[in-house]
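Below is one structure, written out as structure tokens, with a few remarks after it.
Letters go in sequence order (proteins before strands), and every chain restarts at 1.
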Protein chains: 2
Amino acid sequence: MPMRSRLRERVAADITLSDEPGKTMRKWREEIGIFQYDLSKEMNVSPSVISDYESGRRPSPGIKTVRRIVDALMRLDELSGGKFSKEYEGVENEGILDIKEFPVGIPADIFVKEIDGVSVAENVPPANNVNGYTILDSLKVITGMSSADYHKIYGWSSQRALIFVGVKFGRSPMVAIRAHPLKPAMVVYVRPERVDPLAVKLAELEKVCLVRTELEVTKLVERLSRL
Amino acid sequence: MPMRSRLRERVAADITLSDEPGKTMRKWREEIGIFQYDLSKEMNVSPSVISDYESGRRPSPGIKTVRRIVDALMRLDELSGGKFSKEYEGVENEGILDIKEFPVGIPADIFVKEIDGVSVAENVPPANNVNGYTILDSLKVITGMSSADYHKIYGWSSQRALIFVGVKFGRSPMVAIRAHPLKPAMVVYVRPERVDPLAVKLAELEKVCLVRTELEVTKLVERLSRL
DNA sequence: GGACATGTTCGTTGATTGCCGATGTGGATT
DNA sequence: AATCCACATCGGCAATCAACGAACATGTCC
């Protein structure tokens with residue numbers, strides 16, 4: 001239900017961090033092109049409430065209020081054809097199949113259980129929390145990504161699971177991880193042919209926990225999306 | 001003073017939009033790796049305050065509070081070597097020299113005055129507000145940018161000023177604008193040799209106001225940064 | 001002038017926040 | 001068992017927010 005668009009986040013951050021949140025709220029309302037009245041009706045409040053915020057009488061609204069406002073703005077934009085939200089979709093990257101952040105961290109063991117995962121490396125301290133995941137086409141990542149783009153894999157949190165599909169033995173992904181300065185909390189191989197002992201050794205060296213799963217990718221995405 | 005990093009915005013949005021802001025706050029504090037105590041000292045409050053938020057007793061903190069927390073987190077990360085904030089800098093794009101959003105919209109006429117601009121096109125309704133600007137190297141934009149990346153120029157608001165440097169007659173930039181579905185509110189040419197009448201005509205057709213300035217780029221950036 | 005449309009200002013009321021300090025807890029360490 | 005450490009819990013008070021509705025201001029279009 002809580003749709004996660006970049007626009008939504010951007011507007012929320014802009015208001016939250018503004019010195020004059022009221023004026024920032026107004027900026028976005030006007031940019032989207034709706035009236036105080038309509039916004040207030042969408043939120044089920046009286047129009048004066050909007051005006052009070054925008055004119056600065058309430059200089060530090062609660063985040064619940066900000067959220068209601070942002071979501072109302074998004075809905076109204078959607079109704080009028082979503083001219084706005086559609087403009088702000090990011091460009092997709094070839095090798096990255098999916099990338100998400102969790103609003104709250106998830107304990108590693110629960111994450112593993114949820115994807116029917118089996119731990120492969122042993123000498124790894126039980127990872128704490130997983131804050132997000134990235135699903136990668138391992139071939140495309142290795143062949144087709146410029147080194148400058150590598151950090152994109154890590155999204156907003158390095159404490160994440162990197163999920164590789166199209167893995168044969170799992171050597172190259174671990175080598176790539178070894179080479180990169182940022183380390184994930186967890187690496188997942190989806191239906192690998194088998195797992196090379198070297199990959200395991202590298203995982204232990206880097207202290208990332210290495211997991212394999214036999215789930216299909218589609219199934220995997222579905223499971224992850226209801227976390 | 002208010003530093004504008006992508007990480008900062010991301011954390012702010014994440015907390016503001018979270019169903020459980022407390023848990024989200026905790027997620028980030030732990031990810032950065034600091035204790036409640038240290039965070040509280042950085043904010044000059046007692047440690048129980050942090051705990052109260054994180055444990056959810058205060059489910060809708062004001063944005064002033066969120067801001068203080070986020071900024072304290074950023075400062076603490078900076079102190080410990082900025083491991084975090086540095087990871088999240090975006091990749092630079094060749095043709096884009098600078099791109100910023102204003103927290104509140106700025107009336108177009110004030111914007112023009114601020115950069116010693118002179119209006120060139122006439123039959124254009126006085127633009128409303130300018131919400132941000134992008135400074136572009138006109139040559140590189142035309143030769144070196146893939147069409148998929150074009151939307152990046154518009155950042156977060158299409159109601160913005162596109163500022164072109166390295167302009168000869170100003171034909172190609174206007175042609176490019178004509179071709180693209182998104183239109184800026186204003187186009188600025190920095191020290192053009194002269195302005196082609198066709199460029200003016202296109203500007204009038206597209207209803208974007210066209211401005212020239214004789215300011216140096218460095219000077220321009222400086223002026224814009226204190227808006 | 002009159003009738004809308006859009007937005008502002010303000011007094012008020014109840015709910016919630018912001019903050020503190022004291023006290024409690026569960027786990028390491030010694 | 002004694003002592004930290006990191007954090008949770010709670011009562012309580014002042015400050016602020018959330019929301020309403022009525023009155024007020026400006027435009028602008030007959």
Requested in this report: State whether Ser51(A) places a side-chain N or O below 4.0 Å from either non-bridging phosphate oxygen (OP1 or OP2) of dT8(C).
Outcome: yes

Query raised in the report: Which whole-number value in Å describes the distance from Tyr53(A) OH to dT16(D) C1'?
Result: 11 Å

Requested in this report: Starting at atom CZ of Phe35(A), determine the distance to atom P of dG27(D), rounded to an integer number of angstrom.
Outcome: 16 Å

Report task. Find the distance Ile63(A):CD1 to dT16(C):C1' and express it as a whole number of Å. Result -> 13 Å

Report summary line: Taking five pairs at each terminus, the helix from dG1(C)-dC30(D) to dT30(C)-dA1(D) shows an axis bend, to 10°, of 30°

Query - Shortest non-hydrogen separation from Asp71(A) to Arg8(A) and the atoms involved - result: OD1-NE, 2.6 Å

Query raised in the report: Do the side-chain N or O atoms of Ser48(B) get closer than 4.0 angstrom to the phosphate oxygens (OP1, OP2) of dG21(C)?
Result: no

Query raised in the report: Phosphate oxygens OP1/OP2 of dC17(D): is one of them under 4.0 Å from a side-chain N or O of Arg68(A)?
Result: no

Report task. Measure the distance from CE on Met25(A) to C1' on dT8(C) and round it to the nearest whole Å. Result -> 14 Å

Report task. With heavy atoms under 4.0 Å as the rule, sort Pro61(A) into base, sugar-phosphate or nothing. Result -> sugar-phosphate

Report task. Give the nucleotide from the list dG18(C), dC20(D), dA22(C) with an atom nearest to the side chain of Asp52(A). Result -> dC20(D)

Query raised in the report: Quick one: is Gln36(B) getting a side-chain N or O under 4.0 Å of the dA8(D) phosphate, OP1 or OP2?
Result: yes

Requested in this report: Determine, stepwise, if the pair Asp196(B) / Lys201(B) fulfils salt bridge (charged side-chain N to carboxylate O under 4.0 Å, His left out).
Outcome: CA-CA 9 Å; Asp196(B) 191 305; Lys201(B) 188 169 253 168; over 6 Å; no

Query raised in the report: With a cut-off of under 6.0 Å to the ring centre and 45° to the axis, is Lys100(A) in cation-pi contact with Phe102(A)?
Result: no

Report summary line: Side-chain contact check for Ser60(A): nearest option of dG18(C), dT9(D), dC17(D) is dC17(D)

Requested in this report: Give a yes or no on whether a salt bridge exists between Arg58(A) and Asp52(A), defined as a side-chain N under 4.0 angstrom from a carboxylate O.
Outcome: no

Query raised in the report: Given dG11(C), dT8(C), dC7(D), which nucleotide is nearest the side-chain atoms of Arg57(A)?
Result: dG11(C)

Query raised in the report: Quick one: is dT6(C) close enough that its OP1 or OP2 comes under 4.0 Å of any side-chain N or O from Arg29(A)?
Result: no

Report summary line: Rounded to whole Å, NZ of Lys64(A) lies from C1' of dA19(D) at a distance of 12 Å

Query raised in the report: What nucleic acid atoms does Pro59(A) come within less than 4.0 Å of, heavy atoms only: base, sugar-phosphate, or nothing?
Result: sugar-phosphate

Report task. Can you tell me the distance, in whole Å, between the CZ atom of Arg26(A) and the P atom of dG7(C)? Result -> 8 Å

Query - NZ/NE/NH1/NH2 to OD/OE distance under 4.0 Å, Lys23(B) and Glu54(B) - result: no

Report task. Using a 4.0 Å heavy-atom cut-off across all strands, classify Ser55(A) as base, sugar-phosphate, or nothing. Result -> sugar-phosphate

Requested in this report: Check whether any side-chain N or O of Arg58(A) sits under 4.0 Å from OP1 or OP2 of dT16(C), and answer yes or no.
Outcome: no

Report summary line: When every non-hydrogen atom of Leu39(B) is compared with those of Ala72(B), the smallest separation belongs to CD1-CB, 3.7 Å

Query raised in the report: Does Pro47(A) or Ser46(B) map to a spot on DNA chain C nearer the 5' end, using the closest nucleotide for each?
Result: Pro47(A)

Requested in this report: Assess whether salt bridge (charged side-chain N to carboxylate O under 4.0 Å, His left out) is satisfied between Arg67(B) and Asp19(A), documenting all intermediate values.
Outcome: CA-CA 10 Å; Arg67(B) 208 233 257 238; Asp19(A) 286 323; 2.3 Å; yes

Requested in this report: Examine the side chains of Thr134(B) and Arg160(B) and answer whether a donor and an acceptor come within less than 3.5 Å of each other.
Outcome: yes

Query raised in the report: Separation of Ile50(B) atom CD1 from dC5(D) atom P, in whole Å?
Result: 19 Å

Query raised in the report: Which whole-number value in Å describes the distance from Lys41(B) NZ to dC19(C) C1'?
Result: 12 Å

